[in-house]
Trainee: 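Got a structure for you, written out below as structure tokens; questions coming shortly.
Letters A, B, ... mirror the listed sequences (proteins, then strands); counts begin at 1. All values below come from the heavy atoms of this structure, side chains included, with hydrogens, waters and symmetry mates left out. Just so you know, these numbers come straight off a predicted model, no measurement behind them.
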Amino acid sequence: MSDHGHHEEGHHGHDDHGHHAHHETFISKYIFSQDHKMIGKQFLITAIIMAVIGMGMSIIFRLQLAWPGEKFAFSNFFLGDKWAPDGLLDPNMYLALVTIHGTIIVFFVLTGGLSGTFSNLLIPYQLGARDMASGLLNMISYWLFFISSCIMIASCFVETGPASAGWTIYPPLSAIPTAIPGSGLGMTLWLVSMSIFIASSLLGSLNYIVTVFNLRTKGMTMTRMPLTIWCFLITAILGVLSFPVLLSCCLLLMFDRSFGTAFYLSDIFFSGVPLEATGGSPLLFEHLFWFLGHPEVYIILLPALGLISEVISTNSRKPIFGYRAMIVSVLAIAFLSFIVWGHHMFMTGMNPFLGTVFTFTTLLIAIPSAIKVFNYLATIWKGNLRLSPAMMYALGMVSLFISGGLTGLILGDSALDINIHDTYFVVGHFHIVMGAGAIFGMFAGVYHWFPRMYGRMMMPKLGYLHFWMTIVGVYGVFFPMHFLGLAGVPRRYFSNEEYELFKDVQHINVIITGFAIMAAIGQFVFIFNFFYSIFKGRKSTQNPWESNTLEWTAPIERIHGNWPNAIPEVHRWPYDYSKPGYEEDFVPQSVPLKEGESEGH
Amino acid sequence: MALLIFITVVLVVVAIAKIMRSHELATKLNGDQEDFVSLSEIKTQGFLYVLFGVILFTLIGVQMYAWGKYILPSSASVHGDEIDNLFDVTMNLILVTFFITHTVMFAFIYKYYQKKGQKAFWFPHNNKLEMAWTIIPAIVLLSLITYGLSTWSDVMYQESTKDSVKLEVVAEQFKWTVRYSGKDRELGKVNFSTITGSNALGIMTAASVDSSLVDTRKQIAGLERSVKELDSLVEHGWSGKEDELSDAESKLSAFKANERRLLKFQKEHAKDAAYYRGSEDDVIVRDTLYLAKDRMAEFTFRSKDVLHSAYFPHFRAQMNCVPGQKTYFTFTPKYTSEEMKEVAASEGKNFVLFELVCNKICGASHYKMRFPIVVLSQKDFDARVATYKTFGDEFAGK
């Protein structure tokens with residue numbers, strides 16, 4: 001093997017004084033910290049707050065969907081008399097809630113929160129680096145994320161309401177300020193917030209890529225990296241290649257809104273006026289949007305898959321099955337994710353021939369996905385499964401990845417998409433595979449690496465309670481949605497009561513809302529467990545899960561520079577669990593090979 | 001009240017957590033110190049996972065049994081049968097895969113949860129297995145792709161028939177309008193510049209262009225007056241009029257652009273009767289979309305303002321309506337509305353009427369943007385459409 005691994009000399013010369021906590025003030029340690037661990041935690045806590053807001057919004061609109069026309073003090077309490085007079089939700093606010101719920105969960109929780117937390121925490125730790133390549137950029141990345149979160153929340157308080165054209169903000173609805181109240185100032189703030197978010201994401205991603213390529217410890221060749229790092233690396237590359245396209249997409253929309261250009265507008269007769277802007281096309285927006293939008297799905301999913309690969313292997317006490325096949329399938333998924341965006345646009349009036357091409361590439365993604373699933377199943381086969389809360393979530397994600405991935409075969413098939421495009425079938429599909437799936441990966445990560453973050457353990461019993469409430473909630477909420485979709489119920493409808501066609505299925509909506517409320521209550525169990533354990537949790541040991549990766553060779557207290565002495569050297573891949581010839585069922589990466597031992601994997 | 005409920009919920013959660021915590025401390029005191037997760041706990045969770053699997057499978061079965069009747073009745077269009085077949089094949093494949101992989105997963109969890117003395121089997125990879133589960137999905141997917149794409153091309157590339165109905169569906173916030181081609185089987189040209197109160201679809205005839213020019217100039221004159229007034233108000237320090245002024249100015253500039261476009265039309269096509277061919281005999285229907293059984297309907301879709309999507313659930317048809325662009329879809333109804341009631345009843349399904357619904361978020365009343373569809377026998381259809389005035393007559397006020 002060639003020596004890709006870099007020596008520790010180059011690491012800011014920290015080796016002789018691994019930590020200098022003595023000069024840190026409160027502000028430099030907890031607020032403007034440049035330490036990857038603290039930044040990871042900042043991302044995580046911000047994401048938890050955003051997730052609670054996003055979830056709360058979903059409860060408000062689920063109440064409306066289950067009992068249209070009923071008055072809810074709950075809605076009135078949060079939205080006030082303007083948007084929920086007497087607790088009766090306003091249709092414009094309904095659309096705004098749907099929009100901001102989607103935006104928050106997709107971008108702020110599952111992109112910023114997931115990658116931000118775990119890439120920051122794990123890349124330096126698992127590679128044997130003192131910190132990220134650039135601590136300053138990393139800090140700026142978090143603070144841009146924080147500012148964009150604040151702007152997004154602030155947009156909910158403007159007079160005309162927040163953006164309400166759906167999280168995909170298709171123009172002309174989002175471009176004409178009077179087309180819907182939310183397309184006024186709310187939309188402007190949405191675009192500003194997203195632009196800052198993209199800057200944050202790019203700074204983060206560039207940092208991750210540079211760190212992975214340059215700061216691996218001695219012996220850490222590419223094929224000795226844990227799958228988590230592989231997934232973070234590929235995610236970061238996806239982000240760097242696709243987020244700029246979303247930025248240009250948003251900028252052009254700003255121009256159309258504010259400076260009279262016509263990138264997305266043409267032949268519009270709105271409220272008695274033939275608009276001056278002609279020659280643009282909303283399809284251009286859709287292409288640009290989904291050129292990010294589809295890789296975005298994998299920007300969300302891949303880190304979660306990386307986390308559960310590690311969690312499943314460690315807790316099965318067994319090497320991940322088909323390590324190289326896992327890497328190749330992640331690469332294949334990442335590559336294909338760039339050439340499938342058109343499957344969101346089969347029914348947009350795009351040339352049907354393009355539909356043919358995109359169906360082909362889309363269904364191909366099922367092959368690497370199937371390989372991943374089978375490899376996970378082969379990993380738990382004949383394992384010694386330690387069903388810790390993290391493992392429960394990891395297995396739950398495998399289940400959701402199967403359930404949600406399979407319905408993708410229907411949506412990705414252009415001919416079948418004709419009849420279920422934009423129905424609840426789609427809502428069920430992507431919430432299971434991408435929403436809940438990635439959230440499960442995130443929970444697996446939090447439960448597993450909590451001792452690494454805080455030196456204490458979360459309470460397992462509450463973890464199990466949280467898991468069962470969540471998985472039952474997820475299946476209870478999103479599985480019935482497939483039936484609504486097959487009954488032809490369109491998404492983003494304020495109420496289905498107008499239609500004879502959909503009257504019969506109203507009781508399904510009541511069931512869904514019931515499960516949604518239960519799942520939401522379950523999340524408070526997690527929040528309690530999380531914050532309580534930070535201060536009062538049981539003290540962790542250095543390597544509580546008897547894991548092989550390098551982060552567990554660092555001392556429990558989180559010091560600047562991670563290792564007080566020299567950085568550990570790596571001698572083997574990270575999955576030597578239950579290797580024959582060893583007494584223990586794990587062999588950390590820093591343990592040299594025995595004489596005559598082959599590294600073969 | 002809401003606050004009280006909220007506080008109660010939080011307190012309940014906290015109370016549960018406290019109980020769990022004290023239980024946990026008690027367990028710790030009892031000596032189960034070594035592991036962070038105890039073997040007995042793992043056994044319970046392994047059992048719960050299997051129980052969850054059984055409940056999940058049962059409930060999926062119950063849902064399919066109880067809610068199967070809400071799935072749309074069989075297709076009311078000819079091409080829809082092909083889609084339904086493809087759907088059934090794909091769905092069966094999905095269900096089989098779902099049940100097999102989940103059964104395997106739950107079985108492994110139950111069989112291999114951690115026990116004292118159990119050792120994991122060293123099995124890092126196996127090329128044959130990996131080949132097998134690459135190649136088998138690849139073959140299955142390639143056949144699915146081939147089947148899917150042949151269906152897609154059958155649906156999207158339908159040869160026009162001699163007696164097909166050519167019609168246009170125009171979407172705007174929040175209503176639908178239908179235009180039939182009339183006797184010449186040709187839809188006349190349209191342009192958004194010619195939209196006026198009496199020509200809501202912007203159909204182009206020599207007369208409609210002239211009249212919209214008159215209209216546009218009237219607008220310009222009015223706007224020029226109000227710009228002047230607002231301008232002097234702003235100059236004299238009236239606050240709060242700036243927005244109104246800039247609004248009027250942009251409207252004025254929009255109508256001036258419209259005037260230029262209309263003049264261009266007039267200049268280029270003044271003597272060009274062929275250019276306006278096909279418009280006069282178009283028929284506009286505003287309350288119902290009529291279709292004829294067994295006669296192909298060739299749809300053109302347009303939108304006047306924002307994106308909409310024309311979704312015909314019973315006909316397995318859908319197409320977005322895009323401002324600035326025409327989009328197309330073709331289908332042939334198989335049953336009249338009356339016949340469909342019997343078909344649905346024979347499948348144990350509820351059917352009241354065919355509907356066209358908007359399926360792309362378009363504003364506050366998106367959820368109410370619907371249009372009834374009535375499929376008639378060919379004879380009834382012809383008779384029905386003939387009761388409507390042609391556009392030419394309507395516009396001339398006849």
Trainee: Does any heavy atom of chain A fall under 4.5 Å from the side chain of B/Lys115, the backbone, both, or neither of them?
Mentor: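 Backbone only.
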Trainee: Assess whether a salt bridge exists between B/Glu41 and A/Lys461, defined as any Lys/Arg side-chain N lying under 4.0 Å from an Asp/Glu carboxylate O.
Mentor: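 Yes, B/Glu41 and A/Lys461 are salt-bridged.
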Trainee: Considering only NZ, NE, NH1 and NH2 on the basic side and carboxylate oxygens on the acidic side, decide whether B/Glu355 and B/Arg370 come within less than 4.0 Å.
Mentor: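 Judged by the 4.0 Å cut-off on N to carboxylate O distance, B/Glu355 and B/Arg370 do form a salt bridge.
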Trainee: Report the relative orientation of the aromatic rings in B/Phe108 and A/Trp381; use parallel for angles under 30°, tilted for 30 to 60°, perpendicular for over 60°.
Mentor: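 Tilted.
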Trainee: Tell me, for A/Tyr475 versus chain B, whether the close heavy atoms (under 4.5 Å) come from the side chain, the backbone, both or neither.
Mentor: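 Only the side chain of A/Tyr475 comes within 4.5 Å of chain B.
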Trainee: For the backbone of B/Tyr147 and the side chain of B/Thr151, can you confirm whether one donor and one acceptor N or O come within less than 3.5 Å of each other?
Mentor: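 Yes, the answer is positive, given that a donor and an acceptor are paired below the 3.5 Å cut-off.
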Trainee: Can you say whether B/Gln45 sits under 4.5 Å from chain A via the side chain, the backbone, both, or neither, judging by heavy atoms?
Mentor: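 Both parts, backbone and side chain.
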Trainee: With a 4.5 angstrom heavy-atom cut-off, could you sort out which part of B/Leu142 is near chain A: side chain, backbone, both or neither?
Mentor: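 When you check distances to chain A, only side chain atoms of B/Leu142 fall under 4.5 Å.
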Trainee: Quick check for you: among A/Phe72, A/Trp468, A/Phe524, which has the greatest number of heavy-atom pairs under 4.5 Å with chain B?
Mentor: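 Highest number of pairs under 4.5 Å: A/Trp468.
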Trainee: Between A/Ala366 and chain B, with a heavy-atom cut-off of 4.5 Å, which part of the residue counts as in contact: side chain, backbone, both or neither?
Mentor: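 Both backbone and side chain.
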Trainee: Mind checking whether A/Phe467 and B/Tyr49 have parallel, tilted or perpendicular rings, split at 30° and 60°?
Mentor: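 Taking B/Tyr49 first and then A/Phe467, their aromatic rings sit tilted (interplane angle of 30° to 60°).
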Trainee: I need the residue from B/Lys111, B/Lys360, B/His102, B/Met64 with the largest number of non-hydrogen atom pairs under 4.5 Å to chain A.
Mentor: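 Option with the top pair count is B/His102.
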Trainee: Please identify, among B/Phe301, B/Tyr328, B/Tyr157, the residue contributing the most non-hydrogen atom pairs under 4.5 Å to chain A.
Mentor: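 Highest number of pairs under 4.5 Å: B/Tyr157.
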Trainee: Check whether A/Asp422 gets within reach of chain B through its side chain, its backbone, both or neither, counting any heavy atom under 4.5 Å.
Mentor: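 Both backbone and side chain.
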Trainee: Relative to chain B, which of A/Asn529, A/Leu265, A/Val373, A/Ile471 shows the most heavy atom pairs under 4.5 Å?
Mentor: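 Option with the top pair count is A/Ile471.
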Trainee: Just checking B/Tyr70 against A/Phe483, ring centres under 6.0 Å apart?
Mentor: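 They do not qualify: ring centres at least 6.0 Å apart.
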Trainee: Where on B/Arg302 is there a heavy atom nearer than 4.5 Å to chain A: the side chain, the backbone, both, or neither?
Mentor: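 B/Arg302 has no heavy atom closer than 4.5 Å to chain A.
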Trainee: Could you tell me which portion of A/Tyr376 (side chain, backbone, both or neither) has an atom closer than 4.5 angstrom to a non-hydrogen atom of chain B?
Mentor: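 Neither part, no heavy atoms under 4.5 Å.
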Trainee: Quick check: do B/Glu130 and A/Ile371 have side-chain heavy atoms less than 4.5 Å from each other?
Mentor: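 Result no, sub-4.5 Å side-chain heavy-atom pair not found.
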Trainee: Quick check for you: among A/Val98, A/Thr356, A/Thr362, A/Ile176, which has the greatest number of heavy-atom pairs under 4.5 Å with chain B?
Mentor: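 With the most close heavy-atom pairs to chain B, the winner is A/Thr356.
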Trainee: Counting only heavy atoms closer than 4.5 Å, note whether A/Met392 contacts chain B via side chain, backbone, both or neither.
Mentor: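 Both parts, backbone and side chain.
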Trainee: Considering all heavy atoms of both residues, which atom of B/Glu82 and which atom of B/Ser150 are nearest to each other, and what is their separation?
Mentor: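 Heavy atoms only, the tightest pair is OE2-O, 4.4 Å.
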Trainee: Of all of A/Val273, A/Thr278, A/Thr359, which one pairs up most often with chain B through heavy atoms under 4.5 Å apart?
Mentor: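 Highest number of pairs under 4.5 Å: A/Val273.
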Trainee: Parallel, tilted or perpendicular for B/Phe331 and B/His79, by the 30°/60° rule?
Mentor: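 The rings of B/Phe331 and B/His79 sit tilted, inter-plane angle from 30° to 60°.
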Trainee: For B/Val357, which atoms come within 4.5 Å of any heavy atom of chain A: side chain, backbone, both, or neither?
Mentor: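 Both the backbone and the side chain of B/Val357 come within 4.5 Å of chain A.
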Trainee: Parallel under 30°, tilted from 30 to 60°, perpendicular over 60°: which one fits the rings of A/Tyr532 and A/Phe528?
Mentor: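 A/Tyr532 and A/Phe528: parallel rings.
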Trainee: Does any heavy atom of chain A fall under 4.5 Å from the side chain of B/Asp154, the backbone, both, or neither of them?
Mentor: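 No part of B/Asp154 comes within 4.5 Å of chain A.
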Trainee: Pick whichever of B/Ile83, B/Leu141, B/Thr90 has the most heavy-atom pairs under 4.5 Å with chain A.
Mentor: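 With the most close heavy-atom pairs to chain A, the winner is B/Leu141.
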Trainee: Below 4.5 Å from any heavy atom of chain B, which atoms of A/Thr407 appear? Answer side chain, backbone, both or neither.
Mentor: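 For A/Thr407, the contact with chain B is made by the backbone alone.
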Trainee: Just checking, is any N or O donor in the side chain of B/Asn258 or B/Ser193 under 3.5 Å from an acceptor N or O on the other one?
Mentor: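 Per modelled atom types, B/Asn258 and B/Ser193 side chains form a pair under 3.5 Å.
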Trainee: What part of A/Ile320 gets within 4.5 angstrom of chain B, counting heavy atoms only: side chain, backbone, both, or neither?
Mentor: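 Contact with chain B is through the backbone of A/Ile320 alone.
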Trainee: Ignoring hydrogens and geometry beyond distance, is a side-chain donor-acceptor pair present between B/Ser309 and B/Gln318 at under 3.5 Å?
Mentor: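 The criterion, which ignores hydrogens and geometry beyond distance, is satisfied for B/Gln318 and B/Ser309.
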Trainee: Are B/Thr194 and B/Ser212 linked by a side-chain donor-acceptor pair shorter than 3.5 Å?
Mentor: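 Side-chain D/A pair, B/Thr194 to B/Ser212: absent.
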Trainee: Would you please classify the geometry between the A/Tyr493 ring and the A/Tyr499 ring as parallel, tilted or perpendicular, with 30° and 60° separating the classes?
Mentor: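 A/Tyr499 vs A/Tyr493 ring planes: parallel.
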Trainee: Any chance NZ of B/Lys43 has more than 12 other-residue heavy atoms, nucleotides or ligands included, within less than 6.0 Å?
Mentor: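 Atom NZ in B/Lys43 is not packed in, count stays at 12 or less.
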Trainee: Measuring heavy-atom distances to chain B, does A/Ser403 have an atom under 4.5 Å in its side chain, in its backbone, in both, or in neither?
Mentor: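 Both backbone and side chain of A/Ser403 come within 4.5 Å of chain B.
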Trainee: Below 30° counts as parallel, above 60° as perpendicular, anything between as tilted: where do the rings of B/Phe123 and A/Phe321 land?
Mentor: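 Taking A/Phe321 first and then B/Phe123, their aromatic rings sit tilted (interplane angle of 30° to 60°).
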Trainee: Output the option from B/Leu56, B/Leu144, B/Val155, B/Val104 having the highest count of non-hydrogen pairs under 4.5 Å with chain A.
Mentor: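 Top option by heavy-atom pairs under 4.5 Å: B/Leu56.
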Trainee: Would you compute the distance between atom OG of A/Ser578 and atom NZ of A/Lys382 and round it to the nearest 0.5 angstrom?
Mentor: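 It is 13.0 Å, given to the nearest 0.5 Å.
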Trainee: Which one of B/Leu59, B/Thr327, B/Val306 has the most heavy-atom pairs closer than 4.5 Å to chain A?
Mentor: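 Highest number of pairs under 4.5 Å: B/Val306.
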Trainee: Which region of A/Ser183, side chain (C-beta onward) or backbone (N, CA, C, O), has a non-hydrogen atom less than 4.5 Å from a non-hydrogen atom of chain B, or is it both or neither?
Mentor: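 Contact with chain B is absent: no heavy atom of A/Ser183 under 4.5 Å.
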Trainee: According to the interplanar angle, ranging from 0 to 90°, do the rings of B/His314 and B/Phe351 count as parallel (below 30°), tilted (30 to 60°) or perpendicular (above 60°)?
Mentor: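 If you compare the ring of B/His314 with that of B/Phe351, the planes turn out perpendicular.
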Trainee: Check each atom of B/Met369 against the heavy atoms of chain A and say whether the ones under 4.5 Å are side chain, backbone, both or neither.
Mentor: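 Answer is backbone: N, CA, C or O of B/Met369 sit under 4.5 Å from chain A.
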Trainee: Does any backbone or side-chain atom of B/Ala257 lie under 4.5 Å from a heavy atom of chain A? Answer side chain, backbone, both or neither.
Mentor: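 For B/Ala257, side-chain heavy atoms alone lie under 4.5 Å from chain A.
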Trainee: Given a strict heavy-atom distance threshold of 4.5 Å, which part of B/Phe87 is in contact with chain A: side chain, backbone, both, or neither?
Mentor: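 Both backbone and side chain of B/Phe87 come within 4.5 Å of chain A.
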Trainee: Checking side-chain polar atoms at under 3.5 Å, does B/Trp152 have a donor or acceptor matched by the opposite partner on A/Asp413?
Mentor: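 No, A/Asp413 and B/Trp152 have no side-chain donor paired with an acceptor closer than 3.5 Å.
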Trainee: Heavy-atom pairs under 4.5 Å with chain B - which of A/Ile508, A/Leu283, A/Asn76 has more of them than the others?
Mentor: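 Option with the top pair count is A/Ile508.
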Trainee: With only heavy atoms counted, which part of B/Gln118 is less than 4.5 Å from chain A, the side chain, the backbone, both or neither?
Mentor: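 Both the backbone and the side chain of B/Gln118 come within 4.5 Å of chain A.
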Trainee: Can you tell which part of A/Leu387 gets under 4.5 Å to a heavy atom of chain B, answering side chain, backbone, both or neither?
Mentor: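 Interface part for A/Leu387: both.
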Trainee: Just wondering, do A/Trp545 and B/Val37 contact through their side chains at under 4.5 Å, heavy atoms?
Mentor: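 They are in side-chain contact.
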Trainee: With a 4.5 angstrom heavy-atom cut-off, could you sort out which part of A/Pro480 is near chain B: side chain, backbone, both or neither?
Mentor: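 The answer is both parts of A/Pro480.
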Trainee: Taking every non-hydrogen pair under 4.5 Å, which of A/Phe479, A/Tyr577, A/Phe360, A/Phe353 racks up the most with chain B?
Mentor: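 Most pairs with chain B among the choices: A/Phe479.
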Trainee: If I measure from the heavy atoms of chain B, does A/Asp90 come under 4.5 Å with its side chain, its backbone, both, or neither?
Mentor: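 Neither part.
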Trainee: Would you mind checking which part of B/Ile136 comes under 4.5 Å of any heavy atom in chain A, side chain (CB onward), backbone (N, CA, C, O), both or neither?
Mentor: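 Neither part.
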Trainee: With a 4.5 angstrom heavy-atom cut-off, is it the side chain or the backbone of A/Leu95 that approaches chain B, or both, or neither?
Mentor: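 Contact with chain B is through the side chain of A/Leu95 alone.
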Trainee: Tell me, out of B/Met319, B/Lys251, B/His366, B/Met156, who's got the most heavy-atom pairs with chain A below 4.5 Å.
Mentor: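 Highest number of pairs under 4.5 Å: B/His366.
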